[in-house]
There are 2 protein chains.
Amino acid sequence: MPSAMTSALPNIAETSDNGAGCGAPPEIGRQRKRGAELEDAIRGACVAELAELGYGNLTIESVASRAQTGKASIYRRWPTKQQLVMDSVGCLMSGPLMRLTDLEYDDTVTTRDAILDLMVRVGAVMAGAQGDAMRSLMGESLRDEDFSGCFEGDFYDPRKQSLIRLLERGVARGEVRPEAIDEVVVEMIAGAMIHRILIRRQNPTKRDFEQMLDVFIMPAIQPGAAENAAVADKPAVADTACVAEKAETHS
Amino acid sequence: MPSAMTSALPNIAETSDNGAGCGAPPEIGRQRKRGAELEDAIRGACVAELAELGYGNLTIESVASRAQTGKASIYRRWPTKQQLVMDSVGCLMSGPLMRLTDLEYDDTVTTRDAILDLMVRVGAVMAGAQGDAMRSLMGESLRDEDFSGCFEGDFYDPRKQSLIRLLERGVARGEVRPEAIDEVVVEMIAGAMIHRILIRRQNPTKRDFEQMLDVFIMPAIQPGAAENAAVADKPAVADTACVAEKAETHS
DNA sequence: TCCATAAGAAACGCAAACGTCCACTAGAGT
DNA sequence: ACTCTAGTGGACGTTTGCGTTTCTTATGGA
């Protein structure tokens, strides 16, 4: 399990984890779940309720009902709704999404194809109920430090590191210019995906990812793009004050 | 007011509307607001509560208290919380954000600078409390058709049209290749902004916008980018099925 | 088989918010 | 000044969900 996955481009179905919980399916023949099995069921129910109802409409009662358990069993383990939700979503991030940080590719795979593969895999996870659950927390994460820490530290940063690693690999292979090891590359890639999902409410196809990558990203990061390199040396315009600061000055 | 604003690059402070409501400030010396003045105060309070508390925690009582009015006055005009919120946010979109669709630039302004100006202006609005209010509806809009219609039709589409117009202008000036009149350009630009604000919880600076534009966007859309043009002709790979469909097949 | 305890169902008291109603008053118009 | 009515503050009955408690029972381990 901790061994890295080395591959050309593996069949994408292998990495699509369908269980909402973190563990085994329920035992057959028993009326009650206990211990870890119950916790898994509760977390799975929580994620499902999040996906369907959003954070604001999720209640401990609805989670308990869905998990076919009592509220007291939930309160015995998680003192607040927020902690239940954070733990449940944390299992997502340490489960199906975390596996996507372990991908490695053999020498036959170009950097472009490796980045594309990662995009497609992350997109597949985000397209499902698990992605719905995470999206439902987006508003909360803007107002609550615990949630926002979860989003940035547990979700964004590992994905960022994966992509940075691919860029570094690309530099070593001569496919990426060294200055392209920059967070803004990650943001351009992730941003378009997020935008498609959140604002357009569509799931990007692989063809979409290819277009984004081949039209905008690869030309910008590949070696020898003379115009691009010159851009980094552009002198700062005098009017470079932070826009938000200006807007708030006038509030 | 309906006249288009023709400008070089006007002072950005002019387009920063600080009032959360849609009309005049409250009259001095009166104990009670009536009519349109009261409605403006209610809408402003609603937007402020949205920004601070989010949709889920917003109550009619809290809006009434903040607007210094009674619940009955709110219910006389808006039958549900959702309708109050949609109306209040709708005033945002027909106010400060809608003005950003009317910008025109004289011949001295390059397409790059016009796009940059638009990005900076939209970014300034999104950086404030009004942006907070809209962001708080993001989760709801994924689950509710009325909200999502609001987001896409009233927020996204006008912004898209503005950018498409700038691209068309660029084509006429020979600064943009004709195939770049494509929604994905809008998505790349808007996506990076959204990502910075939502996931990173930072407000993009003008310098950020310049980098996104000059490193990724302009090189991809300007004429004569031979690699870029060739990309559009890339044959579809056999494995082009929609990723989300595959993921759900395995659910 | 026995025992300890976690789990489930139901009930409970409480708080908050909803949506409505009522009596009084401020404000606009004549 | 008078009249009409929109607006305000408070009260009201209801609903919902929270967090807790209690009693019974299923389950795992010895």
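Considering all non-hydrogen atoms of both residues, B:Leu137 and B:Val89 come closest at CD1-CG2, 3.6 Å. The two atoms that bring A:Ala129 and A:Ala51 nearest to each other are O-CB, 3.4 Å, heavy atoms only.
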Table of protein N/O atoms under 3.5 Å from nucleotides 11-14 of chain D N/O atoms:
none

Using nucleotides 21-25 of chain C, report all nitrogen or oxygen pairs with the protein that are shorter than 3.5 Å.
residue: C:dT25; atom: O2; partner: B:Arg32; partner atom: NH1; Å: 2.9

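Every residue two or more places apart in sequence or in another chain that forms a ring pair (Phe, Tyr, Trp, His ring centres under 6.0 Å) with B:Tyr156 is listed here: A:His195. B:Tyr55 is linked by a ring pair (Phe, Tyr, Trp, His ring centres under 6.0 Å) to B:Phe147, counting only residues two or more places apart in sequence or in another chain. Listed by chain and number, the residues in a side chain to side chain contact (heavy atoms under 4.5 Å, CB included) with A:Glu49 are A:Leu53, A:Leu58, A:Ser62, A:Val63, A:Arg66 (sequence neighbours excluded). In this structure A:Gln161 satisfies the side-chain hydrogen bond (donor to acceptor under 3.5 Å, both in side chains) test with no other residue, sequence neighbours excluded. Under the rule for a side-chain hydrogen bond (donor to acceptor under 3.5 Å, both in side chains), B:Glu61 has no partner lying at least two apart in sequence or in another chain. Every residue two or more places apart in sequence or in another chain that forms a side chain to side chain contact (heavy atoms under 4.5 Å, CB included) with A:Asp208 is listed here: A:Arg196, A:Pro204, A:Thr205, A:Met212. B:Arg34 is linked by a side chain to side chain contact (heavy atoms under 4.5 Å, CB included) to nothing, counting only residues two or more places apart in sequence or in another chain. Applying the side-chain hydrogen bond (donor to acceptor under 3.5 Å, both in side chains) criterion to B:Asp87, with sequence neighbours excluded, gives B:Arg43, B:Trp78.
Side-chain atoms of B:Ser162 come within 3.5 Å of backbone N or O of B:Pro158 as a donor-acceptor pair. Within the 3.5 Å criterion, the main-chain N or O of A:Met126 finds a donor-acceptor partner in the side chain of A:Arg135.
Contacts between residues 73-82 of chain B and DNA chain D, defined by a heavy-atom separation under 4.0 Å, are made by B:Ser73, B:Arg76, B:Arg77. Near-neighbour residues of DNA chain C inside residues 50-66 of chain B, defined by a heavy atom below 4.0 Å, number-ordered: B:Thr59, B:Ile60, B:Glu61.
Straight-line distance from the CZ atom of B:Arg34 to the P atom of D:dA6: 7 Å, rounded to whole Å. Here C:dA26 presents its P atom at 16 Å from CG of B:Leu38, a figure rounded to the nearest Å. Between A:Lys33 atom NZ and D:dT25 atom C1' the separation is 16 Å, expressed in whole Å. Straight-line distance from the CD atom of A:Gln83 to the P atom of D:dC18: 15 Å, rounded to whole Å.
A salt bridge between B:Glu187 and B:Lys160 is absent, with no side-chain N of the basic residue lying under 4.0 Å from a carboxylate O of the acidic one.
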